[in-house]
Amino acid sequence: MTVQMTDRAALLRQRTRAAAAGPALFLHEAAIDEMQDRISMVNKAFTAPAIITGWPAPWRDAFPDATIIPDDATLELEPEAHDLIIHAMALHWSDDPVGQLIQARRALKPDGLFLGVMSGGTTLNQLRASLAQAESEVTGGLSPRIAPTGEVRDLGGLLQRAGLALPVVDSVPLTASYADMAALMHDLRAMGEGNAMQARPRHFTRRAVFDRAAEIYASAFGDGAGRINATYDLIFLTGWAPHASQQQPLRPGSATTRLADALNTKETPLGD
């Protein structure tokens, strides 16, 4: 049974409000630049790309030939219909990320490429720590305020579970500077990335919590020039639909050369 982490109705409302007010899309722009660089290094032409995203406009502009797919729980993908699928800045809101990857894998042609980008790792660690300390001090408790994020070491396993070959996961950390915590939270709302967790508090938070959090943030994470820094960690996932032409791992025990010889060193028995 899939645990419902995200309130999808709240997430869609946030995206709609952000789009109407003029969204802040600098993370998408950074992700698009990185994706284009990675695709340019692949020695292969893609003729049937698809992009899964909750923010179609910037991705459609960057990849005008791609089919845009909403990031719903059930993806509108046909089996073996695409040679490139990009999951764009939405996987961190999925209640079933493995299910999303499996659906993408089934929609890839043999030797098709999957590329994903999502928020993860140390994203907003400063805000998370400041809010947690402030709420604990002011109210004596803690509430879910920032969605949990995936780590590089764990996400590679998700690619393998989805049946993708040659999995690679890496991260690109970004740092943004803000006047204060209020400016940061305004930017998050403009991204449509506010608190949309199912378990979020449904009552107004006391002003004292945010005031104290802003003090903690400025003290612990100030840049020395009267501003604060916020970390955004973009995690990139790469995998291929299996194909006979791909490099295959050797059978265990099939090596013909000793590791010690390759390293030009002397092998020492464990008992010595």
Side-chain angles (χ1 to χ4, degrees), residues 1-28 31 51-60 68-76 87-101 103-104 116-132 134-136 138-139 141-150 155 158 176 178 181-210 213-214 217 230-235:
M1 179 179 177
T2 301
V3 176
Q4 187 176 359
M5 181 194 75
T6 300
D7 182 340
R8 292 292 301 181
L11 179 62
L12 294 176
R13 286 196 300 270
Q14 290 184 14
R15 289 174 175 174
T16 300
R17 284 196 297 266
L25 297 176
F26 69 90
L27 289 182
H28 288 265
I51 300 177
I52 303 162
T53 184
W55 287 96
W59 292 90
R60 184 182 290 114
I68 304 296
I69 306 294
D71 63 320
D72 298 328
T74 300
L75 301 174
E76 298 176 5
H87 208 304
M89 296 298 291
L91 199 57
H92 56 281
W93 283 118
S94 173
D95 290 332
D96 184 16
V98 175
Q100 292 277 298
L101 297 178
Q103 292 180 73
V117 57
M118 59 185 290
S119 294
T122 58
T123 295
L124 298 177
N125 67 90
Q126 303 96 335
L127 180 61
R128 188 190 307 273
S130 300
L131 284 172
E135 187 171 19
S136 178
V138 174
T139 71
L142 288 176
S143 303
R145 296 189 179 277
I146 300 176
T149 54
L155 293 171
L158 300 189
Y178 293 95
M181 195 184 83
L184 165 59
M185 297 183 73
H186 178 273
D187 229 11
L188 292 176
R189 287 191 293 272
M191 296 178 198
E193 293 286 337
N195 188 354
M197 286 188 290
Q198 186 67 35
R200 72 190 184 280
R202 303 305 176 102
H203 54 78
F204 286 108
T205 300
R206 292 165 57 182
R207 177 64 179 270
V209 172
F210 291 114
Y217 204 132
T231 297
Y232 297 99
D233 206 356
L234 297 184
I235 295 188

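The model shown is predicted, which means the values in this text are computed figures rather than measured ones. Heavy-atom basis, side chains included; hydrogens, waters and symmetry copies ignored.
- Contact detail for Thr149 and Gly121: the closest heavy-atom pair is OG1-O, 3.0 Å.
- No side-chain donor-acceptor contact under 3.5 Å links Gln100 to the backbone of Thr74.
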For Leu131 and Tyr217, run side-chain contact (heavy atoms from CB on, under 4.5 Å): C-alpha distance rounded to whole Å, both residues' side-chain angles, the deciding distance at 0.1 Å, then the answer. CA-CA 8 Å; Leu131 284 172; Tyr217 204 132; over 6 Å; no
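- For the pair Leu101/Leu91, a side-chain contact is recorded, criterion being any heavy-atom separation below 4.5 Å from C-beta on.
- With hydrogens and angles disregarded, no donor-acceptor distance shorter than 3.5 Å links the side chain of Gln198 to the backbone of Gln4.
- Rounding to the nearest 0.5 Å gives a distance of 9.0 Å between CG of Asn125 and CG of Asp233.
- Across Gly194 and Gln14, no two heavy atoms sit closer than the pair N-OE1, 2.9 Å.
- Inter-residue side-chain proximity for Trp93 and Met118 is flagged as unmet; no heavy-atom pair is nearer than 4.5 Å.
- The backbone N or O of Ala9 sits less than 3.5 Å from a side-chain atom of Asp7, completing a donor-acceptor pair.
- For the residue pair Ile52 and Asp71, the shortest heavy atom distance occurs at CG2-CA, 3.8 Å.
- Using a distance-only test at 3.5 Å, with no hydrogens or angles considered, a donor-acceptor pair links the side chain of Thr16 to the main chain of Leu12.
- Between Leu27 and Glu193 the shortest side-chain heavy-atom distance does not fall below 4.5 Å.
- A donor-acceptor pair under 3.5 Å is formed between the side chain of Thr53 and the backbone N or O of Trp55.
- Considering every non-hydrogen atom in both Pro58 and Leu25, the closest pair reads CG-CD1, 4.0 Å.
- Between Arg128 and Thr122, the closest side-chain pair of non-hydrogen atoms is not below 4.5 Å.
- In this structure the side chain of Arg200 never reaches within 4.5 angstrom of the side chain of Ser143, judged on heavy atoms.
- The nearest pair of heavy atoms linking Gly192 to Ala18 is N-CB, 3.7 Å.
- At least one donor-acceptor pair under 3.5 Å links the side chain of Gln126 to the backbone N or O of Thr231.
- Considering only heavy atoms from C-beta on, His87 stays 4.5 Å or farther from Ser94 through its side chain.
- Within the 4.5 Å cutoff, the side chain of Pro23 has no heavy atoms near those of the Arg15 side chain.
- Pairing each heavy atom of Ala24 with each of Met191, the nearest pair is O-CG, 3.4 Å.
- Between Asn195 and Pro201 there is a side-chain heavy-atom pair separated by less than 4.5 Å.
- Rounded to the nearest 0.5 angstrom, Ser119 OG and Leu234 CG are separated by 6.0 Å.
- Atom CG of Leu155 and atom CD1 of Ile235 lie 5.0 Å apart (nearest 0.5 Å).
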